[in-house]
Structure formats: C-alpha cells, structure tokens
Amino acid sequence: MGSVLLEREEALAAAARAGESARSGAGRWLVFGAAAGMGRTALLREVAGREAAGGAMRVLRADCSPEESGFPFALVRQLFPEGGEVPFADLPAAEEQMVFHRLVTRLARTAERRPVLLAVDDLHDADMASRRWLGYLARRLADLPVLLVLTECREKGTAVLPSATGTSVVLRPLGPEAVARLVFARGHGADRAELCIRACAGNPVLVHALLADLREGPLPRSLSELGGSRYRDAIVHWIRARATPWSRGLSLAVAVAGGGAALLGGALLHEAAGLCPDHRAASAGASALRRLFSHPLAREAALAAVDPAELGALRGRIARLLDERGAPTADVAAQLLHLDRPGEEWMTQSLEDAAEDAVRGGRVDEATAFLRHALTAPLAPGRRAGLTLRLGALELPHSADAGIRRLRAALELHADRHERAAVAPALGAALVARGRTDTAMRVMSQVGSAVDDGELVRVLQTTAAVMASHDAVAWRNAVARMRELTATAPAAVEPLACGLVTEYEVGTGRLSAAEALGRVLPRLAAPVDPRLRDGWLGTAATLLQWADRLDEARALAEEALPAPPALPDLTDIGRQCLISVRAEAALWAGDFRRVIAENAPLLDACAGQGIRMPHLASMVALAHCELGHRAHARRLLAGLDEESADSSWEWNELHYARAFLHMAEGNWQAALDDYLSCGRGQSARDFVSPVATPWRSGAALALVGLGQPARALELAEEELSYSRTWGTPRTVSRALRAHAAVVGGRRGLESLSEAAAVLRTAPAPVELVETLLDLGHARIDAGNSRKGREDLHEAHALALRLLAPDPTGHPDAPDAPDAPATGRLLRATGNALRASGARGTRRDTTGSAALTRAERRIVELAAQGQTNAQIGEVLHLARRTVETHLTHAYRKLGVTRRTQLASRLTGTGTAASSSARSLTTSG
C-alpha cells in the first residue's frame, strides 16, 4: 500500500467485498466520496490493481473532466471506445432507453468471458447522459459479474444510486499520527510533523506538497520561506479551478477573517462568502476547510489566488460582520487596512477605536498605521483635524519633526478661531518637547490674539505660562501675568494661575512648605477648567513633591498618565510635567527600579528622534547609579545633546545629576563645575531654594574634597538657611549633612544628630541611610564606637530593604552588564561596617581599607600636598591630632614619606566624598 493510502483500510476492505461478490456473479457498485486532495484517484487506482490482479477482472476506465461535461455520453465513450452504438447527442427518452439497454447487454456479454471492473474517476464532472446510464446500470448489477467503482467530490454533489446493489464510503482526512508517519518517513522531526498536521488539515496532497517544499532551517512563517511552491500551487489551483463556489467562498472567508473566524461562526462565514447560510452543501467538509484555512500558510496561499477587487469586497463584508458581532477592534481594523480607503463612517470609527486600544497596549506602530489609514477616508474638516491631531501626538516621540508637521496640519485644518485655540496647546507642547519654547510661545500668542472669548484667552495665557517655565525670561514674564490674573481669573482658571505663582515663589526661597501647601491643598477640591486640568495637576503635584507629600504627588500623576506599556501623551504640557513628577517622586522614595521601569520605555522611544527629555534621562540615570549601574548612567547622560541646551530648568537637572555621578567617582573638580553650572542656571530663573536641586550642598562637599573649606562653609550655611525656610525634613537634612562635612568635629556631630532626628518621621529613606552612615562615622571618630556602629547597622538594614534584589524578576528590573552585586548604599554601609570592626564583619589591619574615616580625610589632603597645619585648619583639628592620625596611617599603608601616599590609596576618598557619593538627588 502506498504512503498516500494511510488510513484507507475501510475503503479497501469494502472494495474487496464488492469485488468478490461481482466475481461470483452478483455485481456491486461502490462510491468513494471525499473532498479534493483526499486521494480519491490514488485509491481508485489501488482498488483496480488489486481486483484485476492475476487477470481476475478486466478493467474499463474513464476519467471525467469539466471540459467534457457538456458533451452527451462522453464518459460512456471512454468505457466503450469502439462501440458504434454510442451516440454523440442527447436522445429522446425512448431512444435513450434503447441505447442504455444495448450498452448493458454488450457489457454483460463481455463480463461472461471475464468479470469486469468499471473504474470512473471524478463522477461529479461527468455529462448527464452518462450519469443516467450509470444509474440504469446500477439497478441491473445484481445479475451481472460487474464491479462499478466511482469517485466523486462530495462538495459537488452525491450520486443517487440504488442502495440494494452498492454502498458509499466517505474518505476522511488523515489523522495526526498518519501525517506524522509521512513526515518522519522523509527524515523530518516532530516540529515539522506538527507544522504539516496544522497546515494541511489531513489533506494527503497538501502534506506531500508541503513536504516537498520544506527545507532546512527554522520553520517557515510565510510562503516565501518555503523551498518551493508546490504547497502554494496546490491551494491556488484548487481555489481557481477545482473548488465549488460554496467551498471556495467558505475557504476565502475563513482565510480573510483569520482570528475572527471563530467569533463569526459558520452561518456568518457562509453569509460573508455571499451564500445562503443553509446552503445544501454545508456538510462535514466545512470543518476541514476551516481548520486548513485558519493556518497562516494556507491563508496566504488562498488570498494570493483571488483577484484584489473580489478580495477587497470580501474584506469589507468580513469587517462589517466582525464589527456587528462585537469582535476586538484590532480584528476589524486589520481587515479595513487592506481596503484602498475606508468609505463609511463606521470604518473610520473602527480604525480610531483600534488605534486607541493599540496605544493602551503600547503598540504605537500599530496605532499610527490605523490612524493613517483612517485619514484616507472622505472626512469632514473637523473630523480630519481631530484624527490628524491624535496621529501627531502618537508620532511625536518616535519622530519629533514628523509629529510637529502633523500637528501644524491639524491647526491649519481649522478655520474657526475657537477650534484653532483647541489645537494650539498640543502644538505648543510638542514644540517645547522639541526644545523650541520660543516658537511655542509665538504659536500660543498668535492663536490667542485672534480669540475674542475672554475666558478662552485666559485659558490660553495660563497654558502658555506652563510652557514658559522652560525659558528663563519667558517664565518671569509669565509669572507676572499670572499674578495679575489671579485677582480676576474665573474660578476654573484661578487654581493653575495661583499654582504657577506659588512655584515661582517657592523657588525664590520666600515660602515655607506649610505656606505652599496652604495654597495648594484647598484648591485640589476646586473645579478646574478641563482644558487646564493636567496643567493644574502637574503644578500641584510638583509642589506636593517638594513638600515631601510623595504619595499624593504620585497619585495626581497617575490620575492623568496612562499605565505602562502605553506611552504618555507629550502634546499635553501638563502631562510632561506629571511625567517628571512621577519619576522624581519614585526616585526620592528610593523606588529606583520603578523609576527605570516606568520611564525607560519613553526614553527609548524618543532616543535619536528629536525629543529632548534631560530631566527624565537624569532621573533614570540616577536610579541606575543607585542600583550600581554607574557606566549605564554615564551613557544615558552622555547621550544628551547639550549643544542645543536652552534655559529650560531641565538642563539644570542634568548638570546636577552629572555632578552626582562625578562625586560618586571622587572627581571633585568636575563635580564642582557641574554643581556651579546647575546653580547658575537655577539663579537665572530666580530659583535659589534647594527644594529641587541642592547644588550648594553638593558644591560644598566637592570643595571640602578640594581643600577649600572657607568657600564650602559659605555655601553650606547659605543652603542651610534656605532649607530651614522651606522646612521639610528632607531638605533640612541634606543641608545639615553638607554643613557637618564642612565644619566637622562637635558641630558636625550636632548637625548630623539633628538631621537624623528630623528624618525619622519623613518619607526620605535614602537621606536617612546617608545621614546614619555619616553619623556613625562621626561618632566613631569622636570615640563613641558602640553608638556609631549602631548607626551603621541601622543604615545597613535600611539599605537592604531599599536595594534588595527584585523578587519578581520583572524584565524591566535593571540588570545592566556593568552592575555590581549591590547598589550604592549597600556598598557604602557594608564597607563602613567592615571598617568599623562591627561584630560579624572583618576589619582589615593594613592597606587603605584599614584607614578610619578621619585618617582617610587627613591622608587624602596630605597626598594633595597640604601641610599638617593646613590640614588642621581645613578639618578644625589640632596639629598634634593631625600628626597622630598620619603616623597611624603611615603604618597601615606601609609608607615612610608623604610622596608615597597617593600611590598607596585605593577606593574612594575623603569623608566629604562619602557624603557626596551618598547625597541623593532631587532635580
């Protein structure tokens, strides 16, 4: 038995029984019915060979074809090629009966000499006169030694023959085991067996065609990845030439519907194919067709066989049915994308809905494709402007210039001044994100000057003021206008105007946190114009964050920002602010992995596309630094183009973040330069408060590292003064720590003790770890080792809670190649415990690691060339104390001269550097 005849035992057994009966003189008929490709012809050939073996039967064969189906008696002439009595035309009924009788008589005489097997292939293509003769013969087989074996396509009809003299056998698709046997016989493995099972639906012809096309390498995902075209050609030929209208329509409908086929169901698919749902040919073969054309390879082949116009019409019908049935919007839109243009409103709406679903799923490319296609529809100007605006917002992060062009087009589509005023803020925000704040202000001014609605003018002015925060000069002017506006603004505008003025006054160092909250909190419950809602939330969240109300600040941000993986809309200036607040609040809370997980996708999308986000990049870089990924943090900051920097506050944050990294690496001069650059940028905006960027504290620490205590003290005391005015534990503690590092001794210990006390009730875990670390060192240096080690143990425990490995193994949890085993704070507290000789740790007695904090401070200053007297002045120590510390340090380092110190020092530098490295950022 040939391989194609797997699982055909039932049919062969039925043929054997019928053949035995015929040879004994009791003729039988047998019909093999099956769908195309099921091996009907091969089975007929096998049966004829078996029954005629050894001359047991004489075989007369006829192969029917559509080309001859219109010629009367064409089939009969193949069986009796030399019979002159076979006519060439239809006959009257009486004459036809006479011909039928003569042919049966002739067949009977032939069978008397040797039993006859009549093998007729593809009966469905036979001419009608021959079909009538076969029926006539079947009714007389009982007394003839004749076996009549027929094959037919069940989709094209079923022969009606007398059941008394024969039977029909339905050929089913091959089962998975049979297909696997064919595949394994070709030397292929289980993966290709699974492919053939799914892509051929048990059709033997397709199995052999696909096996012939398969080649080495990965499994094919499309027809182009096959090594031949036999599989494709078999399906194309069947659809174009062999399939019935019903099976062809059903197959195409399933192929077009794809994943939506299951939702539509059989009746709807029949309707989609342009057929009546109760078509008489709907049979068991439908399930095989549905299985076959649900596979991508078969679908691709089927769709390649159809004229584009027909395919487009079918896609339109399928899309409508999917839409009416409530299918996922992506399934509906996937059909509409293949139409030249969506011609009806429901199509445009479906594409728009699908785009929004894709945005929520983080599939921006898919969303933009849907909206671009929607814009090919015939649309009213307002509808077109709305879609263009949304598309521009989606395109902006991935291509700033393309997004801005799209937003400009949306603005120009509106002739109405009020409608233009609705689009202008989106274009302005996009321009700000591109670094063109001056252009954004011009757009807002031009559009606003054409509006005669007083309330709308105030809305535009207030929105423009939020944008103005990215330009030092424009910001001052905007705040002046907001001061005037707060007295006369409508109730729905006043909260944002007041919030912007409050932001400015906080920056000038004149307000306390309590005073700022007194303005913000009552207004959170006030009604706000929907057009200003996100701007107000951004301003309120900023002030809440500065006031250490981190949970409330994040809650406001999350109220307006989408949940990941969706990217936030950068065409809303308020949301731009909320993005920054959400990131910075997480950083201040010590949730470093969250900072990266929430914001790295947006930075990645914008990378190299023209959108500058220096503040967000700084937050993510600092989070990486805290987790120990210092090299990755450096790369992030280095990727920002400072040549195009303007006076936006975001660049000040970049300088602060970069200074933080320099401090962590002990590069005091580079750190000082960046801290001072940050300070100059903040001062240009009248922002002297340390609530955002405590640059004076950082600069003071760098100056201590550089041996310039007088200048460091001046900055530290100024910082402490501003911090006490604001009054939050985080701000005050940062200034106290810098002050302690500068003054040292008893005064430094007092400052650190105060800092630790104010932090214990504050949501500032990073600052508390750093303060306890410094306090522990200071107490040990002052001779209180027991209390100092207690501080260090507490700091280490807090750091463990902050920086424990991510238990979820979340893919967004950073694990950069340059990441050490622990984060910054864990390393610092662990090293401090070991150096202190705390129980359970080992303290080195030689080398730089053995130096106490005080010894390290003195050694590093000595290595820079300072005399003992100068060192004593810087550190407020007696000269004899300096000499004692140096003697101990020389012994531990194994040196005898000052000039040898620099080469023997390892690790990171002075006590001031320890404070600098642990000083958290706020930018």
Item checked: Pair R658-E642, salt bridge (charged side-chain N to carboxylate O under 4.0 Å, His left out): steps then yes or no -> CA-CA 12 Å; R658 197 163 60 188; E642 285 192 78; 2.3 Å; yes
Notebook entry, point to check: So R612 and D641, salt bridge (charged side-chain N to carboxylate O under 4.0 Å, His left out) or not? Walk me through it.
Noted result: CA-CA 8 Å; R612 307 181 311 171; D641 178 17; over 6 Å; no
Note to self: If you apply the rule salt bridge (charged side-chain N to carboxylate O under 4.0 Å, His left out), what do you find for E790 with K787, and how did you get there?
What the structure shows: CA-CA 5 Å; E790 288 177 2; K787 189 66 174 174; 3.7 Å; yes
Next item on the list: May I have the step-by-step check of side chain to side chain contact (heavy atoms under 4.5 Å, CB included) for R824 and V766, ending in yes or no?
Entry: CA-CA 11 Å; R824 177 182 68 90; V766 175; 4.0 Å; yes
Item checked: side chain to side chain contact (heavy atoms under 4.5 Å, CB included) between L640 and L654, worked out -> CA-CA 9 Å; L640 295 168; L654 171 66; 3.5 Å; yes
Note to self: Before you tell me yes or no, could you show the steps for R519 and T502 under side-chain hydrogen bond (donor to acceptor under 3.5 Å, both in side chains), namely the whole-Å CA-CA distance, both residues' side-chain angles and the distance that decides it to 0.1 Å?
What the structure shows: CA-CA 8 Å; R519 296 184 187 180; T502 303; 3.1 Å; yes
Next item on the list: Go through the steps for R635 and R630 under the test side chain to side chain contact (heavy atoms under 4.5 Å, CB included), then give the verdict.
Entry: CA-CA 9 Å; R635 288 193 295 271; R630 198 179 298 166; over 6 Å; no
Next item on the list: Run the numbers on V520 and E515 for side chain to side chain contact (heavy atoms under 4.5 Å, CB included), then give the verdict.
Entry: CA-CA 9 Å; V520 173; E515 290 169 325; over 6 Å; no
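Remark: side-chain polar atoms of E650 are paired, donor with acceptor, to backbone N or O of H615 under 3.5 angstrom. Of the possible donor and acceptor atoms, one in the side chain of S751 sits under 3.5 Å from a partner among the backbone N and O of R747. Using a distance-only test at 3.5 Å, with no hydrogens or angles considered, a donor-acceptor pair links the side chain of S753 to the main chain of L749. A distance-only check finds a donor-acceptor pair linking the side chain of R730 to the backbone of P763 [under 3.5 Å]. Side-chain N or O atoms of Q870 include one that pairs as donor or acceptor with a backbone N or O of T867 at under 3.5 Å. Without hydrogens or angle criteria, R801 side chain to P765 main chain gives no donor-acceptor distance under 3.5 Å.
Using modelled atom types, one finds a donor on one side chain and an acceptor on the other under 3.5 Å when comparing Y504 with D686. Using modelled atom types and a 3.5 Å distance limit, the side chains of S733 and E767 yield no donor-acceptor pair. Under the 3.5 Å distance criterion, with hydrogens and angles disregarded, no donor-acceptor pair is assigned to the side chains of E503 and T542. Side-chain atoms of R594 and N599 include no donor-acceptor pair closer than 3.5 Å. Using modelled atom types and a 3.5 Å distance limit, the side chains of R680 and S677 yield a donor-acceptor pair.
Here the shortest heavy-atom pairing between P729 and L759 reads O-CD2, 3.9 Å. Counting all heavy atoms, side chain and backbone alike, G628 lies closest to R827 at CA-NH1, 4.0 Å. Closest approach of A699 to L715, counting heavy atoms only: CB-CD1, 3.8 Å. Across all non-hydrogen atoms, the minimal contact from A541 to L578 is CB-CD2, 3.9 Å. Closest non-hydrogen pair, L803 versus L627, comes out as CD2-CD2, 3.8 Å. Taking all atoms of both residues into account, the shortest heavy-atom contact from L701 to A738 is CD2-CA, 4.2 Å.
A 6.0 Å sphere centred on CG of D604 holds more than 12 heavy atoms belonging to other residues, nucleotides or ligands. Residue-environment remark: CD (E505) exceeds the threshold of 12 foreign heavy atoms within 6.0 Å.
Classified by interplanar angle (parallel below 30°, tilted 30° to 60°, perpendicular above 60°), the ring pair W726/W546 is perpendicular.
Under the 4.0 Å criterion applied to side-chain N and carboxylate O atoms, R593 and E626 are not assigned as salt-bridge partners. Using a cutoff of 4.0 Å between basic side-chain nitrogens and carboxylate oxygens, E665 and R634 are scored as salt-bridged.
By the 4.5 Å heavy-atom criterion applied to side chains, I579 and L561 are counted as neighbours. Contact annotation: the side chain of L500 approaches that of W475 to within less than 4.5 Å [non-hydrogen atoms, C-beta and beyond].
Scanning for salt bridge (charged side-chain N to carboxylate O under 4.0 Å, His left out) contacts around R582 gives E598, with sequence neighbours left out. Take H470 and apply the ring-ring contact (aromatic ring centres under 6.0 Å, His included) test, not counting sequence neighbours, and it matches W649.
With respect to Y656, the ring-ring contact (aromatic ring centres under 6.0 Å, His included) criterion is satisfied by exactly one of W651, W695, Y675: Y675.
Because its NZ or CZ atom is both nearer than 6.0 Å to the ring centre of W588 and within 45° of the ring axis, R734 counts as a cation-pi partner of that residue.
For the atom pair OH of Y890 and NE2 of H885, the computed distance is 14.0 Å after rounding to the nearest 0.5 Å.
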